[in-house]
Structure formats: structure tokens, C-alpha cells
Amino acid sequence: MGGTSPELQELSQQLQELDAQQEALEDEVEALQDEQAEITEAVSALESLETGSTVQVPVGGGAYVRATVDDIDEVIVDVGGGFAAEQERDDATETLQTKRNTLSERIDELESEIDELESEIDEVEQRAQQVQQQAQQQAMQQLQQQGNDEQ
């Protein structure tokens, strides 16, 4: 009578896989939100900087140097695929805002996928509970039957 039913084991494995998928999607959402925050900061900086402003420029390894902005009219913007383009400030801001909007759309898609996974997880958990309850009922019936047989 000991052990777990094959169906219950399968449901448990399915739950583990769904949980792992959900965690991966949540991690991706978090990374995209971090990227969105960086873009928001960049847009804010572009809107507030003036020629002659002093800024801190990352040089890698967590180190920064102070620099003076010689020309804020032209900005180099990552346009994807490992490429960057020089754009006027307004165009650069627009490019960044478009990128942020694209990230928002992707986040919405991922959150929908997470919602679907959560529903699927709930269904699998309910099925596992039903299987476990059925197994318990069968075990009780067998014990009762054994008791009746011994009388």
C-alpha cells in the first residue's frame, strides 16, 4: 500500500516543470523591467543635459570618470543587433521611447504567459489533490474491508 501512484508522480513532475517555466518567465520580466528603468533614466538624462554639463561616464568594472559634455545635439544610441547610430537628441529620445514601449509590450506578453501558467498550475494541483483523496479513500476502504474480513 506504500508509495505514490504513478499518476501522482507524473502530476508532481508536471508541477515542477510548470514552476520552473514560471520562474524563468518572471526572471525575464524582471530583466526587461530593469532595462526599461535604464531607458527611462537615459531619456531623463537626455532631456535635462546641456552642452557643458559634467557627467559621470562608466569606463567598466564599476569605475566612472567625470566628463564634460561637448555637444548634446548629437547622441549615439544603441539600435540593436550590436549596432549604434548617431542621432539628434530628439530622435535619440524617440528611439529610446520606442524601445521602452516595445519592452512594455513584451512584458505584457510574458505576464499573460505567466497568468496562463498559473491557471495550469492550479488545475494540476487540483487534479493532484483529487488523486491523493481517491488514494486515501481507497486505502480506507481496504482497511475497512480487511477489518470486515477478520471478523
Please assess Gln14 against Leu11 for the test side chain to side chain contact (heavy atoms under 4.5 Å, CB included), listing each intermediate value before the final yes or no.
CA-CA 5 Å; Gln14 192 176 0; Leu11 290 170; 3.9 Å; yes
Apart from Phe83 itself, what residues make up its hydrophobic cluster when side-chain heavy atoms of I, L, V, M, F, W and Y under 4.5 Å apart count as a link, directly or indirectly?
Val79
Could you state whether Tyr64 and Ile76 fall into the same hydrophobic cluster, counting links through intermediate Ile, Leu, Val, Met, Phe, Trp or Tyr residues with side-chain heavy atoms under 4.5 angstrom apart?
no
Look only at the side chain of Ser12 and the backbone of Leu8, and say whether a donor-acceptor pair between them is shorter than 3.5 Å.
no
Does Thr102 reach the main-chain N or O of Thr98 with its side chain, forming a donor-acceptor pair under 3.5 Å?
yes
Can you see which heavy atom on [X] is nearest to which on [Y], and at what distance?
X: Ser5; Y: Val131; result: OG-CG1, 3.7 Å
X: Gln97; Y: Val43; result: NE2-CG1, 3.9 Å
X: Arg106; Y: Glu28; result: NH2-OE2, 3.4 Å

Looking at [atom1] of [X] and [atom2] of [Y], how far apart are the two atoms once the value is rounded to the nearest 0.5 Å?
X: Asn101; Y: Lys99; atom1: CG; atom2: NZ; result: 12.5 Å
X: Gln144; Y: Gln137; atom1: CD; atom2: CD; result: 10.5 Å
X: Glu35; Y: Leu103; atom1: CD; atom2: CG; result: 4.5 Å
X: Asp122; Y: Leu117; atom1: CG; atom2: CG; result: 11.0 Å
X: Glu111; Y: Glu113; atom1: CD; atom2: CD; result: 11.0 Å
X: Ile107; Y: Leu25; atom1: CD1; atom2: CG; result: 12.5 Å

Could you work out, with side-chain contact (heavy atoms from CB on, under 4.5 Å) as the rule, every residue matching Glu38, not counting sequence neighbours?
none
Leu15: which residues meet the side-chain contact (heavy atoms from CB on, under 4.5 Å) condition with it, sequence neighbours left out?
Ile121, Val124, Glu125
For Gln22 and Glu26: C-alpha separation, side-chain torsions, deciding distance, then whether side chain to side chain donor-acceptor pair (under 3.5 Å) applies.
CA-CA 6 Å; Gln22 181 180 1; Glu26 288 171 345; 3.2 Å; yes
Please step through side chain to side chain contact (heavy atoms under 4.5 Å, CB included) for the pair Gln13 and Glu17, ending with a clear verdict.
CA-CA 6 Å; Gln13 183 178 354; Glu17 291 170 2; 3.4 Å; yes
With side chain to side chain contact (heavy atoms under 4.5 Å, CB included) as the criterion, how do Ile72 and Ser53 come out once you've worked through the C-alpha distance, each side chain's angles and the decisive distance to 0.1 Å?
CA-CA 9 Å; Ile72 192 64; Ser53 297; over 6 Å; no
What pairs meet the side-chain hydrogen bond (donor to acceptor under 3.5 Å, both in side chains) rule with one or both residues in residues 84-96, with sequence neighbours excluded?
Gln87-Thr95
Filter on side-chain hydrogen bond (donor to acceptor under 3.5 Å, both in side chains), then keep only pairs touching residues 65-81, sequence neighbours left out; what's left?
none
Quick test of your reading: applying salt bridge (Lys or Arg N to Asp or Glu O under 4.0 Å), list the pairs with at least one residue in residues 7-16, sequence neighbours left out, ordered by first then second residue.
Glu7-Arg127
More than 12 heavy atoms of other groups within 6.0 Å of Glu23 CD
no
